[in-house]
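Heads up, the thing below is written out as structure tokens.
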Amino acid sequence: MHSFERPPARRAARLAQHYSDLSGPELLAAMIECEFPGRIALASAFGSESAVLLHMLAAIDPGTPVVFLDTGRLFGETLRYRDALTRRLGLTDLRVVQPDAARLQAQDPDGLLFRSDPDLCCRLRKAAPLDRALDGFDAWITGRKAFHGGRRRELPTIEAFGRHIKINPIAGWQKVEVEAYFAAHGLPHHPLEADGFTSIGCLPCTERVASGEDVRAGRWKGSAKTECGIHLATLEIVGAGA
């Protein structure tokens, strides 16, 4: 059973009102230490900007669970960056989650589902494993930012999402603030950034971004798809923008 009152939207609204003036590490600390102690996790892809939120988390409580979705289709650079960053920041509860092997064998036996049905591929490799991994938690943290555009333009810092509360501590940060944080704390960038990748997901569905294109333009390029689906479940968004 979850410890907060039903429905989650009620608590999300209260939290959004109470913490409307906080973002970044201050909001993150309040959620980890005061509101959801032992009942919150961070979902991280260890992508191009992930080090910012992971660094904040490590400074507050390095034992907070960090959920990493290993889809089986990731760049080797991402896996090596994950391991190096985990060691550097002293994160002690990295949870690597993988797709259900039986479901993959049944629905993607040749590993080419990303071509014929990328939405189903993402559900099998990302959404379903994350849902399992979050069972037992009341809230989870994401590194999404409104400046990435698309569905993220009106991103709040706190939202009700299915049976969980979702926290987006740096939703209102701009690219310049992200880069300033990297510089201030000497954080390493994902190695693929230097090669033109600004948003990094699975290898078959991630391409380089040309100058002037949106940050996420390299994801599922040439299709109408812009999100993997883990943030697209039926939800009620409430609360403050960052």
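If you chain together hydrophobic residues whose side chains sit under 4.5 Å apart, Val66 and Ile165 fall into the same group. Follow the hydrophobic side-chain contacts under 4.5 Å out from Val97 and you reach Phe161 in the same cluster. At a threshold of 4.5 Å between side-chain heavy atoms, the hydrophobic network of Ile, Leu, Val, Met, Phe, Trp and Tyr places Leu124 and Leu112 in two separate groups. Note on Leu74: it clusters hydrophobically with Leu85, by side-chain heavy-atom contacts below 4.5 Å among ILVMFWY residues.
Between the Arg144 side chain and the Pro169 main chain, no donor and acceptor come within less than 3.5 Å of each other. Remark: side-chain polar atoms of Arg39 are paired, donor with acceptor, to backbone N or O of Gly136 under 3.5 angstrom. For Thr64 (side chain) and Asp61 (main-chain N/O), a donor-acceptor pair under 3.5 Å exists by modelled atom type. Remark: the backbone N or O of Leu113 is paired with a side-chain donor or acceptor of Asp108 at under 3.5 angstrom.
A heavy-atom distance below 4.5 Å is found between the side chains of Leu130 and Val67. A heavy-atom distance below 4.5 Å is found between the side chains of Ser23 and Trp173. Side-chain contact between Ser48 and His189: absent, with no pair of heavy atoms (C-beta onward) separated by less than 4.5 Å.
Interatomic distance, CG of Leu22 versus OG1 of Thr157, reported as 8.5 Å (0.5 Å rounding).
Using a 3.5 Å distance cut-off with no hydrogens or angles, the side chains of Glu26 and Tyr19 do not pair a donor with an acceptor. In this structure, a donor-acceptor pair under 3.5 Å is present between the side chains of Tyr181 and His55. Between the side chains of His190 and Thr78, at least one donor-acceptor pair of N or O atoms lies under 3.5 Å.
Across all non-hydrogen atoms, the minimal contact from Ala9 to Ala160 is CA-CB, 3.4 Å. Ala51 approaches Pro188 most closely through the heavy-atom pair CB-O, 4.2 Å. Annotation for Leu89 and Ala58: closest pair O-CB, 3.5 Å, computed over non-hydrogen atoms. Nearest approach of Pro99 to Pro129, heavy atoms of both residues: CA-CG, 3.7 Å. Of all heavy-atom pairs spanning Thr92 and Gly63, the tightest one is OG1-CA, 3.2 Å.
Ring centroid separation for the pair His164 and Phe137 does not come in under the 6.0 Å cut-off.
Remark: Glu35 engages Arg14 in a salt bridge, criterion side-chain N to carboxylate O under 4.0 Å. Using a 4.0 Å cut-off between charged nitrogen and carboxylate oxygen, Arg163 and Asp131 count as a salt-bridge pair.
For Arg132, the CZ atom is densely surrounded, since the number of other residues' heavy atoms within 6.0 Å is greater than 12.
Note that Arg82 lies in the cation-pi zone of Phe68, set by a 6.0 Å cut-off to the ring centre and a 45° limit from the axis. A cation-pi geometry, defined here as NZ or CZ lying under 6.0 Å from the six-membered ring centre and within 45° of its normal, holds between Arg11 and Phe36.
Scored by the ring pair (Phe, Tyr, Trp, His ring centres under 6.0 Å) test, Phe197 finds Phe75 as partners (sequence neighbours excluded).
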Side chain to side chain donor-acceptor pair (under 3.5 Å) evaluation trace for Thr142 with Asn168: CA-CA 5 Å; Thr142 90; Asn168 310 303; 2.6 Å; yes

